[in-house]
Amino acid sequence: MTEHLLKILIVGDGNVGKSSFVHRYVSGQFNKTYKMTVGVDFSVKLLHWSDKEKVRLQLWDIAGQERFISMTRIYYKGALGCVVMFDVTSSSSFSSCRHWKQDLDNKAMLPNGDSIPCILVANKCDLAHRAVSADTIDKFSKAHGFITWMETSVKDNKNPLDILKVRNVSDPPT
Ligand code: GDP
């Protein structure tokens with residue numbers, strides 16, 4: 001069995017749902033208590049990729065607070081993909097995605113020198129008072145080179161990494 005390491009970054013402003021997302025994905029729970037991320041959290045999930053390959057998925061949750069931004073170059077190192085997350089009810093968290101994407105394009109490189117693929121994720125779509133329309137997100141995503149974008153609700157368990165369509169190592173074989 002071959003094991004691959006896949007480091008994925010989760011970036012975005014504070015309070016958009018990054019920690020909840022990682023926690024939900026790794027443990028299957030939604031925790032309502034707000035906890036400010038200090039520096040970086042990183043969680044691991046082991047996945048079946050195929051009969052012969054396992055993936056050790058490392059999710060790096062980078063704090064969105066300004067004071068941590070100078071640390072991010074170290075955290076970007078070795079990442080193969082990124083989720084840029086905002087809160088669909090917060091236009092300022094949406095505006096910040098432009099800066100996050102620029103920062104990633106400048107600092108987060110694949111071994112071949114290309115910038116890493118990024119997915120734009122609009123979280124909290126369960127809330128009625130949205131501040132950013134789907135049309136605006138779509139135009140922004142295309143203009144700034146995201147590979148795709150999607151709406152999610154970590155609260156309602158609509159999870160962006162479900163697109164990976166892989167089984168947990170602990171799941172029974174299908
Ligand atoms: P982070 O600072 O980006 O890591 O954000 P957190 O994961 O700490 O979440 C901030 C707050 O938003 C918490 O109170 C979460 O319970 C809440 N939250 C996260 N995801 C959702 C969601 O999809 N819908 C709603 N309504 N609240 C959410």
Side-chain angles (χ1 to χ4, degrees), residues 6-45 47 57-108 116-138 140-141 144 146-165 168:
L6 184 57
K7 176 176 172 182
I8 304 283
L9 309 169
I10 321 292
V11 304
D13 280 3
N15 207 35
V16 301
K18 301 182 301 300
S19 309
S20 306
F21 159 69
V22 171
H23 183 67
R24 163 78 96 180
Y25 186 67
V26 171
S27 76
Q29 288 167 0
F30 178 75
N31 187 342
K32 273 204 250 162
T33 324
Y34 177 67
K35 174 180 74 72
M36 167 105 77
T37 310
V38 179
V40 69
D41 288 338
F42 115 54
S43 306
V44 176
K45 187 154 169 153
L47 304 163
L57 185 67
Q58 276 188 354
L59 299 176
W60 290 59
D61 171 7
I62 294 176
Q65 289 74 28
E66 280 292 311
R67 65 180 181 272
F68 298 122
I69 277 196
S70 59
M71 297 163 65
T72 53
R73 191 182 288 265
I74 301 159
Y75 296 124
Y76 290 167
K77 199 170 159 36
L80 296 179
C82 184
V83 172
V84 179
M85 186 177 278
F86 68 99
D87 170 352
V88 82
T89 69
S90 155
S91 45
S92 67
S93 74
F94 177 62
S95 305
S96 295
C97 293
R98 179 188 302 260
H99 304 296
W100 282 111
K101 184 66 168 63
Q102 269 167 6
D103 204 46
L104 288 155
D105 286 346
N106 291 334
K107 297 182 196 159
I116 61 170
C118 295
I119 298 175
L120 181 65
V121 169
N123 190 35
K124 306 198 187 179
C125 66
D126 57 288
L127 298 175
H129 50 286
R130 60 183 297 156
V132 194
S133 72
D135 191 45
T136 304
I137 303 167
D138 190 54
F140 174 83
S141 164
H144 291 86
F146 286 91
I147 52 171
T148 189
W149 73 275
M150 63 197 79
E151 295 195 352
T152 61
S153 164
V154 177
K155 186 171 175 228
D156 289 351
N157 205 9
K158 283 176 69 182
N159 200 312
L161 287 186
D162 284 348
I163 57 166
L164 286 173
K165 299 253 181 285
N168 289 331

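All ligand and atom numbering here is 1-based and tracks the order in the structure. Heads up: numbering here begins at 1 and tracks the sequence. None of these values were measured; they are calculated from a predicted model.
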**Request:** Say whether Asp61, considering both its backbone and side-chain N or O atoms, lies within less than 3.5 Å of an N or O atom on ligand 1.
**Result:** no
**Asked** Do Trp60 and Ile8 come close enough that some side-chain heavy atom pair is under 4.5 Å?
**Response** no
**For Ser153, the ligand 1 atoms whose distance to one of its heavy atoms is below 4.0 Å** = 23 (O)
**Item:** Where ligand 1 meets Leu127 - atom numbers and elements under 4.0 angstrom, heavy-atom basis
**Value:** 26 (N)
**Request:** Specify side chain, backbone, both or neither for Asp13, according to which of its non-hydrogen atoms lie closer than 4.0 Å to ligand 1.
**Result:** backbone
**Prompt:** If you count the atoms of ligand 1 from 1 in the order shown, which ones are under 4.0 Å from a heavy atom of Ser19?
**Reply:** 1 (P), 4 (O), 7 (O)
**Request:** Would you tell me which option among Gly14, Gly17, Ser93 has the nearest heavy-atom contact to atom 5 (O) of ligand 1?
**Result:** Gly17
**Item:** Residue Lys18 vicinity, atoms of ligand 1 by number, heavy atom under 4.0 Å
**Value:** 1 (P), 2 (O), 3 (O), 4 (O), 5 (O), 7 (O)
**Asked** For ligand 1, which atoms have a heavy atom of Ser20 less than 4.0 angstrom away?
**Response** 6 (P), 7 (O), 9 (O), 15 (C), 19 (C)
**Asked** Are any of the N or O atoms of Asn15 closer than 3.5 Å to those of ligand 1?
**Response** yes
**Prompt:** Going by distance only, is there an N or O of Phe21 that falls short of 3.5 Å from an N or O of ligand 1?
**Reply:** no
**Item:** Residues which pass salt bridge (Lys or Arg N to Asp or Glu O under 4.0 Å) with Lys101, listed by chain and number, not counting sequence neighbours
**Value:** Asp105
**Prompt:** Salt-bridged, Glu151 to Lys124, with N to O below 4.0 Å?
**Reply:** no
**Message:** Under 4.0 Å, heavy-atom basis, I'd like to know which part of Asp126 is in contact with ligand 1: side chain, backbone, both or neither.
**Reply:** side chain
**Item:** Partners passing salt bridge (Lys or Arg N to Asp or Glu O under 4.0 Å) against Arg98 (at least two apart in sequence or in another chain)
**Value:** none
**Prompt:** Is Asp138 reaching over with its side chain to a backbone N or O of Ala134, donor-acceptor style, under 3.5 angstrom?
**Reply:** no
**Request:** Evaluate the side-chain proximity of Phe21 to Val16: yes if any heavy-atom separation is below 4.5 Å, no if none is.
**Result:** no
**Prompt:** Short question: side chain of His23, backbone of Ser19 - any donor-acceptor pair under 3.5 Å?
**Reply:** no
**Item:** Any N/O pair Val154/ligand 1 closer than 3.5 Å
**Value:** yes
**Request:** Give, for atom CG of Leu9 and atom SG of Cys118, the distance between the pair rounded to the nearest 0.5 Å.
**Result:** 8.0 Å
**Prompt:** Just wondering, do Leu104 and Val11 contact through their side chains at under 4.5 Å, heavy atoms?
**Reply:** yes
**Request:** Kindly confirm or rule out an N or O of Val16 lying under 3.5 angstrom from an N or O of ligand 1.
**Result:** yes
**Asked** Considering only heavy atoms, does Asn123 approach ligand 1 within less than 4.0 Å through its side chain, its backbone, both, or neither?
**Response** side chain
**Request:** Say whether, by atom type as modelled, one donor and one acceptor occur between the side chain of Ser93 and the main chain of Ser90 under 3.5 angstrom.
**Result:** yes
**Item:** Option with minimal heavy-atom separation from atom 18 (N) of ligand 1, where the choices are Lys124, His23, Lys155, Glu151
**Value:** Lys124
